[in-house]
Number of protein chains: 2
Amino acid sequence: MAWDTERTRQLLLDAAVIEFAAHGPEGARINRVAATAGVNKERIYQYFGSKQKLFVAVLEAELAKLAEAVPLTPTQAMDLGDYAGQVYDYHLSYPHLLRLMSWEALQDPGTEIVAESERAAHYADKVAAVSAAQKQGAVVVDPAAAYLFSAVMAITTWWFTSPQLVSMIMAGTPEDTPANRRASLMQLVGRLVGASNTVR
Amino acid sequence: MAWDTERTRQLLLDAAVIEFAAHGPEGARINRVAATAGVNKERIYQYFGSKQKLFVAVLEAELAKLAEAVPLTPTQAMDLGDYAGQVYDYHLSYPHLLRLMSWEALQDPGTEIVAESERAAHYADKVAAVSAAQKQGAVVVDPAAAYLFSAVMAITTWWFTSPQLVSMIMAGTPEDTPANRRASLMQLVGRLVGASNTVR
DNA sequence: CTAAACTCCAACTGTTCAGTTGGAAATGAA
DNA sequence: TTCATTTCCAACTGAACAGTTGGAGTTTAG
């Protein structure tokens, strides 16, 4: 058969995103990845080495896509509500990543963090941007930037990471829609950072 | 040997909390639960029926403990910052529950929610309490109570549900401690709900 | 054209796994 | 005391699993 090594690898990676997002690194099954990809499972060991290494490759690939899709710019920290809205949009249209990160969160605490140095640098940049916005008066100075940024991440991602809680909590709110969630998110982030239109 | 059926069952449940918190419903191993409990694994099938039913029993038991430890009172909605602090304290001292709920969140979306009616009623009460506080002027009226309550849950639990993100984001904040997290949490919740001391 | 290297496959290995079975030991009722 | 019931156990069953092997087929270099 005609070879297309890169295509085979990508097919496996794409299939692995689906399998790991659904079942996590321990529950995923190598034969299902191979079946979904239409590729022999021996190829997984040839290209990736092991099941856990495949999971790492999947996380690296998907994190790179997020960084590309929602890049950090200095102006974003000046409008964290809008930034939160963009991150929300990304996860709404592409739910696999937060599931993968949730599985990552639940791994053995001793597990090495995937792409840690790149991700830590990325987050350091974001926290620094928030800190700079605090100095410019666009964001309240209390609490520290890292705490503020954490809270923004928390309320942005929660809708996707706790679906069972969301369904129970929002059951009595008939006007609940993704758009209203997004609007409340942006409003609440604005309030957290002290944006002027939220002062009552 | 002297029989103590209830003790055997509780030993298995306690061992299962540890195993499911660490590995989740798919990654957990029945033989490890039995070994940790010091009980034959056949007893698991006798008392609980199956691995998944054991997971459900574990979640039910741990959720009942939370409801008992951090009960809802009407006064709590008048001070959501304090309430958030109490929930934070519970999870800080007892991290298994949020791990179990995180595994629950990642189960197949078609999976029946454990103790759904009780939990939904519990959350409905909480949202109603927030709504009442809004009417009394103790909490801002925008966005709707369910959105506010969701945001409070989000920033309270995030410290425990995203440890890898926390470690990267907080790496550049040397003054980061559980106490400072708690203090920032209460401050941010106060700001979200429009508590008077946060207006700038 | 040939041989080396590479990609890919079906079948395999050794182990693990959830769940079950047949029976031992303890308890309780008659 | 005896028998029925219950609790508990070691070993088992059937299937699943991650990872490996031997070799077929294709590509590339000489």
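Every heavy atom of this structure was used, including side-chain atoms; hydrogens, water molecules and symmetry mates were not. In what follows, every chain begins at residue 1, and chains take the letters A, B, ... in the order their sequences are listed. All values derive from a computational prediction rather than experimental measurement.
Distance CD1 (Ile30(B)) to P (dC12(D)): 21 Å, rounded to an integer number of Å. The CD-P distance, from Glu26(B) to dC17(C), rounds to 14 Å in whole Å. Atom P of nucleotide dT20(C) and atom OH of Tyr45(B) are separated by 8 Å, given to the nearest angstrom. Atom CG of Asn40(A) is separated from atom C1' of dG22(D) by 13 Å (rounded to the nearest Å). For Arg7(B) and dC8(D), the CZ to P distance is 10 Å, given to the nearest whole Å. When the C1' atom of dT20(C) is taken as reference, atom CZ of Arg43(B) falls 13 Å away, rounded to whole Å. Straight-line distance from the CZ atom of Arg29(A) to the C1' atom of dC17(D): 6 Å, rounded to whole Å. Between the P atom of dT6(D) and the CG atom of Asp4(B) lies a distance of 18 Å, rounded to the nearest Å.
Nucleotides of DNA chain D nearest to Gly38(B) and Glu42(A) differ in position, and the one nearer the 5' end is that of Gly38(B). The nearest heavy atom of DNA chain C to Lys41(A) and to Tyr47(A) marks one nucleotide each, and the one closer to the 5' end goes with Tyr47(A).
Taking the ring centroids of Phe160(A) and Tyr88(A), they lie under the 6.0 Å cut-off.
Taking 3.5 Å as the limit, the base of dA18(D) and the side chain of Asn31(A) contain no donor-acceptor pair of atoms between them. Remark: the Lys51(B) side chain and the dG19(C) base include no donor-acceptor N/O pair separated by less than 3.5 Å.
Within a 6.0 Å radius of CD in Glu68(B), other residues, nucleotides and ligands contribute 12 heavy atoms or fewer.
At the heavy-atom level, Ala28(A) lies under 4.0 Å from the strands shown only through sugar-phosphate atoms.
Counting only distance, with no hydrogens or angles, the side chain of Gln164(B) and the backbone of Met101(A) share a donor-acceptor pair below 3.5 Å. Side-chain N or O atoms of Lys51(A) include one that pairs as donor or acceptor with a backbone N or O of Glu26(A) at under 3.5 Å.
Put simply, Thr8(B) has a side-chain N or O that comes within less than 4.0 Å of OP1 or OP2 on dC8(D).
Side-chain proximity of Val39(B) to the nucleotides dT27(C), dC9(D), dC9(C) is greatest for dC9(D).
Between the CG atom of Leu12(B) and the CD atom of Glu19(B) there is a distance of 12.5 Å, given to the nearest 0.5 Å.
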